[in-house]
Amino acid sequence: MNYDEMLSSGNVQMAKGALLPIGFLHKKQREGKFDNVLDLRRHLSDSVLFAKNVRHECEENGKLNSPHQLHFVIGEEKDGEPKTLEVEKGRFNTFSRLLFETPSLVGRKEFLNEVIQQLFDAAVYINKMGVQHICYSPDNILARVGDNKLVMLSHGSYYLNMSDQKSLYRDMTEYLAPEVLSGGNVDERSDVYSIGKFIEWLYSTSDMPIEYRRLVKKATSELPEDRYKSVIDMRSALKKLKNVRGSLTTFLIALAAALVIVGIYFGMTPEPQEIEYVKPAPKQSTDDLLDDGFDPASELGVISGDSLSKLPPEKRKQMEEYEKKGEEIFRKQFEKEAARILSKVYDAEHMGASEKNFMASSKKVFGELMEVQQKLSQEANISNEKGQLIATQIIDKITDAKKKTVQKNGIQK
């Protein structure tokens, strides 16, 4: 079954490989060894223009010296036109398949941050070389099996002279900037748009931090002039947004600690006269301050967390005990809820379904898990970050256990 036949059959999940815009990447056995081969799409490989573009990319591919770039050369030819590409050795997964097989990765903050930074590294490099990837779909971005390192194969800017971009990208068009489909001017801002869409997909089953929400909103603007001018500017903006959030969080913690100290002082100091109590203003969340354009650097001056160290030792110890108790309560309650929720998808009926249906069920289930995690974190009075870390550990443990006990089509998972 060739590339287009697999697409039209609706059984893409059966293919042990990756369906990329220009062809199907898979393993091919030769003399007892398995090589990576990309079969070019049949109806495209018959096009003289497409064949010319493939040859040009093969010539330029060797000049791209990046740890995130896979290299390839022309393999088999027919009637003087390329039919396959020989790709460097290694085992690769698309990111969509990686998160389908290991959905708990979306709960790991360090994994998500690392993927985004690797994506920036790869994009900045190829843009510097005058190349745009164009389509950062999770089905067009690969992960190296073993360390999940992000890598890319073919780049869309080599095929912009083809009139029918929709036919080239098929069901990946939602990741294309509007100007790509309309035949407008394509530059680095087109990559900015597509990267924003990839980040949006990456957080589709988990809570997206406020700094990423603001980043994605600007990056995916319809008009190119409303986006970041380059991926470098996009990365710089994210760093600034994270710094503002970190500074603001530090300030709120220091303010809370200061209020505790003031409360202790006035609680221990006898008052000779009656003092009217004034209810403090409601606490404003970090997200709300950021959305309103709050700038702690200009409005609050230098922010310091030194106030935290002024708590008496016995008070610090008491607070640590409360936090530990809260974590124990959260862990016990979340483990019970996670086992119940994961049972909805890790059973014979759901795991025997198609990959598309199982993925849809998984997204719904992990969305429910994130809501439960946030709710229980608040009830146990622990930070959302601490709750996410504990929840991820519990989800991994329960998922592994259920995979071992559920049979799929008669095969023990």
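Counting from 1, the numbers follow the sequence of the chain as shown. Nothing here was measured: the structure is a model prediction, and the numbers come from that model.
- For residues 204-244, the pairs satisfying ring-ring contact (aromatic ring centres under 6.0 Å, His included) are Y203-Y212, with sequence neighbours left out.
- The local environment of CG in N65 is sparse, with at most 12 non-hydrogen atoms from other residues, nucleotides or ligands closer than 6.0 Å.
- Side chain of R227 to backbone of E222: a donor-acceptor contact under 3.5 angstrom is found.
- No side-chain donor-acceptor contact under 3.5 Å links Q378 and N384.
- For the pair K52 and V48, the minimum side-chain heavy-atom distance is 4.5 Å or more.
- In K149, the NZ atom is crowded: over 12 heavy atoms of neighbouring residues, nucleotides or ligands sit closer than 6.0 Å.
- We find that E200 and K197 are joined by a salt bridge, their nearest charged nitrogen and carboxylate oxygen being less than 4.0 Å apart.
- I116 is not listed as a side-chain neighbour of F198, based on a closest heavy-atom distance of 4.5 Å or more.
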Candidate pair E77 and R55, rule salt bridge (Lys or Arg N to Asp or Glu O under 4.0 Å), full reasoning = CA-CA 11 Å; E77 297 189 45; R55 290 188 183 279; 2.8 Å; yes
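- Put simply, the side chain of N127 never gets that close to the backbone of D187: no donor and acceptor are under 3.5 Å apart.
- Within the 4.5 Å cutoff, the side chain of M129 has no heavy atoms near those of the H155 side chain.
- Taking the side chain as every heavy atom from C-beta outward, D121 and Y125 never approach each other to under 4.5 Å.
- The side-chain heavy atoms of R331 and I394, taken from C-beta on, include a pair separated by under 4.5 Å.
- Side-chain atoms of S377 do not come within 3.5 Å of backbone N or O of I382 as any donor-acceptor pair.
- In this structure, R340 places its CZ atom where more than 12 heavy-atom neighbours from other residues, nucleotides or ligands lie under 6.0 Å away.
- Within the 4.5 Å cutoff, the side chain of D207 has no heavy atoms near those of the M370 side chain.
- Under the side chain to side chain contact (heavy atoms under 4.5 Å, CB included) criterion, S204 pairs with W201, K363, sequence neighbours left out.
- None of R30, K28, K27 except one satisfies the salt bridge (charged side-chain N to carboxylate O under 4.0 Å, His left out) rule with D35; the exception is R30.
- Of the possible donor and acceptor atoms, none in the side chain of H56 sits under 3.5 Å from a partner among the backbone N and O of Y159.
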